[in-house]
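Data first, discussion second: the structure below is written as C-alpha cells.
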Amino acid sequence: MTKKIEKFLAERRPATPCLVMDLDAVADNYRRLRAAVPRAGIYYAVKANPAPEVLGVLAKLGSSFDTASLNEIDMVLATGAGAERISYGNTIKKKADIAAAFQRGVRLYAFDADAELGKIADAAPGSRVFCRIFTSGAGAEWPLSRKFGCDLPMARKLLIAAAKRDVVPHGVSFHVGSQQRDPAQWDAAIAEAAWLFRECEEQGVALSMLNIGGGFPTRLRRTVPGLQAYGAAIEDSLHRHFGNRIPDVIVEPGRQMVGSAGVIQTEVVLIAQKSEDDRKRWVYLDIGKFGGLAETMEEAIQYPIVSGRNGAPMPVVLAGPTCDSADILYEKADYRLPEDLAIGDKLEIRAAGAYTTSYSTVGFNGFEPLKTHFV
Ligand SMILES: *Cc1c(COP(=O)(O)O)cnc(C)c1O
C-alpha cells in the first residue's frame with residue numbers, strides 16, 4: 001500500500017471493484033531490479049500488466065519488453081519504444097504473426113521446437129533466436145514447467161540446426177516459475193545453459209545471450225527474500241558456471257515490476273453462515289476468479305487482504321460474486337477477517353498489480369472487466 005494509493009482511495013472513493021496503480025511504485029520497482037542485477041538487460045513481461053500507462057513509464061526508463069502476441073507488440077510500439085527493444089518471447093506463434101512482427105522490425109524470437117524454428121526462419125529471416133529449456137518449477141507458487149521448453153539434448157540439436165537455417169542462434173532461455181520463493185532455483189538452469197553454450201561452441205556455434213526469465217517475487221501473504229538475494233545468487237551462479245566468459249544476460253520480470261504497485265479495492269456483498277454450528281462464515285466479494293483474481297486458482301497466489309475494522313480475526317471462506325461454484329477464492333488457506341465485518345465494507349487486496357486486469361473476463365455474468373485508476 002503506498003501513500004498515493006491510500007490518498008486516492010480516501011478522497012475519491014471509486015466504485016468497486018477497481019485496481020489502483022501507483023506509477024511511481026512501478027518506476028521504483030524498475031530501479032530496484034536494475035540495482036539488483038546490474039548486468040542484465042530488462043525485458044518487462046507485458047502480460048503481467050499491459051496498461052499503456054505502465055508500458056509508458058517503463059519505456060521512458062529505458063526498459064525493453066517481452067511480448068507474446070502481435071497486440072502486445074503494437075502496445076509496446078505505441079509507447080514510442082523501437083522494435084529493437086522487443087523480444088517475441090512466446091514459443092507458440094502463428095507464422096502470419098511472426099511475419100507481421102518481422103515487418104514491424106522485431107528481430108528477436110523464442111522457440112522450443114523444430115517446427116517453430118522453421119516458421120521463424122521462413123517468416124523472419126536473419127533474426128536472432130533463442131531456445132527455451134525446461135525447468136522443474138520447484139519453489140515457485142505459480143510454476144510454468146512442462147508446457148514450455150525442451151530438454152537439453154533437444155535444445156543442443158535445435159540450436160545447432162538453427163545455424164544451418166536463415167536465423168542466428170543467439171542464446172538460451174528459461175523461466176524458473178512465477179513468484180519464485182527460492183533464489184537458489186536459478187543455479188541449476190544457469191548450469192544447464194552453460195553446458196549448452198559449451199556444447200554448441202564445440203560444434204562451431206557461438207551463442208552470446210542468456211535469458212534468465214522472470215520469477216522475481218512480490219511480497220504477498222508470506223514474506224519473500226529481498227531482491228538483492230536474488231541478484232547475488234544469480235551473479236554467483238553466472239561466475240561459477242560461465243567463469244570469465246559470462247554472456248549478455250537478460251531478465252523478463254513481470255510480477256516483480258507491477259505486483260506491489262497495485263491495490264484492488266473490493267466491497268463485501270454478502271456474509272453468510274451455511275449452518276447454525278458452522279464457525280466459518282462465507283464472505284462474498286464483488287470480485288472473484290473471473291473479475292481478475294484468476295491466480296487464486298488452487299489457492300496458489302495468496303494476496304494480503306485487509307479490512308479497516310479491528311474486531312477479532314475470525315476464519316472465513318472468501319468467494320466471488322458470479323454464478324459459478326469454481327468462483328471460490330480461499331477455502332483452505334486460513335484467511336481471517338474481523339468478526340465485526342459487515343456487508344458494504346470495503347476490503348483492500350494488496351500487491352495485486354500483476355496478472356489481475358489482464359486475467360479479468362470481458363463480462364462473465366455481466367460483471368464489467370476490472371477497471372484501473374492510475375495515480
Ligand atoms: C510470464 C512470463 C514472464 C514473467 O514472469 P514473472 O514470474 O511474472 O516475472 C517472463 N518470461 C516469460 C517467457 C513469461 O511467459
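Every number for a ligand or one of its atoms is a count from 1 in the order of the listing.
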Can you name the side-chain hydrogen bond (donor to acceptor under 3.5 Å, both in side chains) partners of R85, sequence neighbours left out? none
Are K93 and Y109 in a cation-pi contact, defined as NZ or CZ under 6.0 Å from the six-membered ring centre and within 45° of the axis? no
Give the atom numbers and elements of ligand 1 that come within less than 4.0 Å of a heavy atom of P253. 9 (O)
Could you check atom 1 (C) of ligand 1 against the protein and tell me its nearest heavy-atom contact, residue, atom and distance included? K47 NZ, 1.2 Å
Sub-4.0 Å atoms of ligand 1 with respect to non-hydrogen atoms of G254: 4 (C), 6 (P), 8 (O), 9 (O)
Shortest protein contact, atom 11 (N) of ligand 1 (heavy atom only): E252 OE1, 2.6 Å
Report, in ascending order of atom number, the atoms of ligand 1 lying under 4.0 Å from any heavy atom of D66. 11 (N), 12 (C), 13 (C)
Proximal ligand 1 atoms for R255, defined as those under 4.0 Å from one of its heavy atoms: 6 (P), 8 (O), 9 (O)
Is the positively charged end of R32 above the ring of F216, judged by distance under 6.0 angstrom from the centroid and angle within 45° of the axis? no
Specify the protein heavy atom at minimum distance from atom 7 (O) of ligand 1: its residue, its atom name, and the distance to 0.1 Å. S178 OG, 2.5 Å
Residues at least two apart in sequence or cross-chain that pass ring-ring contact (aromatic ring centres under 6.0 Å, His included) with Y43, listed by chain then number, are none
Can D277 and S275 be counted as having a side-chain donor-acceptor contact under 3.5 angstrom? yes
